[in-house]
Each structure stands twice: as C-alpha cells, then as structure tokens.
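The structure displayed is predicted, hence computed values, not measured ones. Atoms considered below: every heavy atom in the structure, side chains included; atoms not considered: hydrogens, waters and symmetry mates.
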Amino acid sequence: MSTQDLTDAEFAELDELLATTPAPLQALDASMLDGYLCGVLVQPRLIEVDEWLPNIFDYDGGVLPDDVDAHWLARIRELVERRHAALNRAMVEDGWFDPVVLDLDDAPEAEAAASDEALDDDERQARATYEGMSLISRTLMPWVAGFQHATLCFPELSDLPDDAVMAALARLYRHLPAETEEEKEVVATLDREHPLKDLDDAIEELVVTVADLCDLTQEQRYRVETLRREGPKLGRNDPCHCGSGRKYKQCHGAN
C-alpha cells in the first residue's frame, strides 16, 4: 500500500465522505480522525486496520449497517489507511508529523448560534466549560479528543504503569474540558509551569508529546514473543519422543 500522504484536496474529500456516514452514527471529522490515528499508532501493541477502522464511524461505538455503500467505504478506507501509513512513517523516520488542526474561525458556528433557552442544564454547563477554555485549547480540542477516543477504544496505553506515559497524556489532555477538580488542578499546574505562548507553540508541544509516547511504547509494540519449550531440548542421541525405542536421529530426527 502507498504511504504517500494525503493532499489538501484528499483531506477535504475524506472529511466530506465521513460527514455522509449513515445516521444515527456520528463519524469523526478530519481533525479528530488524525488524532485518533496517532492514538492508535502509539499503543503498546500493533493494532491491525480491521480492528481500528470501525471506530472512526461513530464516537459512541456504533457500527455501520450491512448495506452501506461499498464504494463509499472503500474510498474512505483507502484514504484513511494512507494517512495512517504516512503518520507512522513520519513518526518512525522523522520523529515529527504535521497534525490536521482546523482553524477555529473556519469551524461550524451552529452550536454557538444556539440560544441558551434551547439547552438543558448539562449542555449549558458544557458550553460554559468550553467558553472558559483558552482559544489554543479550543482549537486543539478536536484533535486531542480523537486521540483520547483511541485510548478509550484501546486502553492498553492508559493502563501502562509508567509515570512518563501518564505525564505525556496529561500534556495532551490539558486541551480537553476539565470536569473534575483534579483535572482542573492538573491544567492549572501545566499552565503555570509549562505555559504556551501561541498556537504554533502548542502544536509543537503536541507533536513532541506524541513522539515521546511513540518512543516510550516502541519496545513493547515491536516486541517479538519467543517460544519457550516445555522441557529440555531433545538431543539427537536421545530416545525418540514417539516411543519407538530408536534414537531420535534414526527416527523422527532423520529428516
């Protein structure tokens, strides 16, 4: 399969294709998908495409209907696999990649236009939390939400007993809405000890953090399990295991 990255036109095509995912499924958009793919790639095990692909079509775990358009699905798969391969190559060879981060000014304003009267209490609280976030975090939030989606679908990364992994995840999740007091304290600590000057600075930190996670899990991801014998190795002059009474080299070991 080609590892050539997608063009801007192909990214736009992919975003439009995902937007036509059959209802009631809610597929990831291009930015969330990009974060999701990175979250898949830094897992402590290699995850095959047939395992991670279905999760892009619904954030809540829904599955595509059996009669979905085959050409539509094949084109999405082709584009997504190419982006996955390009990200993997960039991480391994360069330790760097260009994340798909959408300009907040270009984002849909439908939610912002909704009146407070149309929202329930939870939705009002969610909006208040969102509006309380920095412009940097609001811009990066879709990408990071996609990354978090991967860690929820495949919890092996989050379950690693590694303080460095936990610290790296905290640096990414600072761009998600802080809901608990503990999360708010973590964000406040990061903002105080590692302030971000601007969006470019934040994107650079995001990429470096993902590259760090890739390095931290590389040994486990590519570990090859060795087969262990149940007993000592059979010598050529030992009695054959088949019970014939002949030496192994004269029986099953003769070939």
Side-chain angles (χ1 to χ4, degrees), residues 1-7 9-94 97-100 142-160 162 165 168-169 172-173 207 210-211 213-227:
M1 184 193 67
S2 171
T3 59
Q4 182 179 358
D5 206 352
L6 305 187
T7 64
E10 287 173 326
F11 274 121
E13 178 191 358
L14 177 57
D15 200 36
E16 292 174 1
L17 287 169
L18 288 170
T20 62
T21 297
L25 303 182
Q26 295 185 355
L28 310 184
D29 63 24
S31 184
M32 292 181 67
L33 172 64
D34 209 55
Y36 172 77
L37 293 177
C38 286
V40 167
L41 286 166
V42 301
Q43 289 291 326
R45 68 178 176 91
L46 287 171
I47 301 175
E48 298 296 331
V49 59
D50 288 335
E51 187 177 358
W52 59 255
L53 185 68
N55 299 317
I56 74 173
F57 295 107
D58 190 59
Y59 196 76
D60 293 323
V63 296
L64 289 171
D66 293 336
D67 61 350
V68 71
D69 185 286
H71 295 292
W72 172 85
L73 180 58
R75 180 57 175 164
I76 289 179
R77 177 165 182 151
E78 176 191 351
L79 294 173
V80 172
E81 285 194 72
R82 273 179 51 201
R83 178 57 176 168
H84 177 274
L87 283 168
N88 186 51
R89 185 188 68 245
M91 285 188 196
V92 172
E93 295 181 1
D94 305 325
F97 62 94
D98 293 319
V100 178
W143 195 99
V144 177
F147 184 98
Q148 185 189 48
H149 180 49
T151 67
L152 294 174
C153 293
F154 308 105
E156 293 97 325
L157 179 67
S158 300
D159 290 344
L160 286 175
D162 189 324
V165 169
L169 291 176
L172 291 177
Y173 294 166
V207 173
V210 173
L213 284 168
C214 186
D215 290 341
L216 286 167
T217 56
Q218 181 174 0
E219 183 177 348
Q220 290 164 285
R221 189 164 50 256
Y222 294 106
R223 179 177 56 203
V224 177
E225 298 288 349
T226 57
L227 295 176

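Contact check for Phe147 versus Leu157: side-chain heavy atoms found under the 4.5 Å cut-off. Between Cys38 and Met91 the shortest side-chain heavy-atom distance falls below 4.5 Å. Contact check for Phe11 versus Leu79: no side-chain heavy atoms found under the 4.5 Å cut-off.
A search for side chain to side chain donor-acceptor pair (under 3.5 Å) contacts involving Asp50 returns Arg77, not counting sequence neighbours.
Once rounded to the nearest 0.5 Å, the distance linking CG of Leu160 with CG of Leu216 reads 9.0 Å. Here the CZ-CG distance, from Arg82 to Leu6, works out to 5.0 Å after rounding to the nearest 0.5 Å. Between the CZ atom in Phe97 and the CG atom in Asp94 there is a gap of 11.5 Å [rounded to 0.5 Å]. If you take CZ on Arg89 and CG on Leu41, they are separated by 12.0 Å, rounding to the nearest 0.5 Å. The CH2 atom of Trp143 sits 6.5 Å away from atom CG of Leu172, with the distance rounded to the nearest 0.5 Å. In this structure, CG in Leu37 is found 10.5 Å from CG in Asn88, a value given to the nearest 0.5 Å.
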Show me the donor-acceptor pairs within less than 3.5 Å that the side chains of residues 20-31 make with the rest of the protein, sequence neighbours left out.
residue : atom : partner : partner atom : Å
Thr20   : OG1  : Leu17   : O            : 2.6
Thr20   : OG1  : Trp72   : NE1          : 3.0
Thr21   : OG1  : Leu18   : O            : 2.7
Asp29   : OD1  : Ser31   : N            : 3.1
Asp29   : OD1  : Met32   : N            : 2.8
Ser31   : OG   : Val100  : O            : 2.8

Test log, rule side chain to side chain contact (heavy atoms under 4.5 Å, CB included), inputs Val49 and Glu81: CA-CA 8 Å; Val49 59; Glu81 285 194 72; 3.9 Å; yes
Side chain to side chain contact (heavy atoms under 4.5 Å, CB included) evaluation trace for Leu33 with Asp15: CA-CA 9 Å; Leu33 172 64; Asp15 200 36; over 6 Å; no
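When all heavy atoms of Leu73 and Leu64 are compared, the pair lying nearest together is CD1-CD1, 3.9 Å. Among all heavy-atom pairs drawn from Thr217 and Val42, the shortest one is OG1-O, 2.8 Å. The shortest non-hydrogen separation linking Gln43 to Arg221 is O-NH1, 2.9 Å.
A salt bridge does not link Arg83 with Glu10: every distance from a Lys NZ or Arg NE/NH1/NH2 to an Asp or Glu carboxylate oxygen is 4.0 Å or more.
Residue pairs meeting the side chain to side chain donor-acceptor pair (under 3.5 Å) criterion with at least one member in residues 51-60, sequence neighbours excluded, are Tyr36-Asn55, Arg45-Glu51.
The side-chain contact (heavy atoms from CB on, under 4.5 Å) test with Pro99 singles out one residue from Val207, Val210, Leu87, and that residue is Val207.
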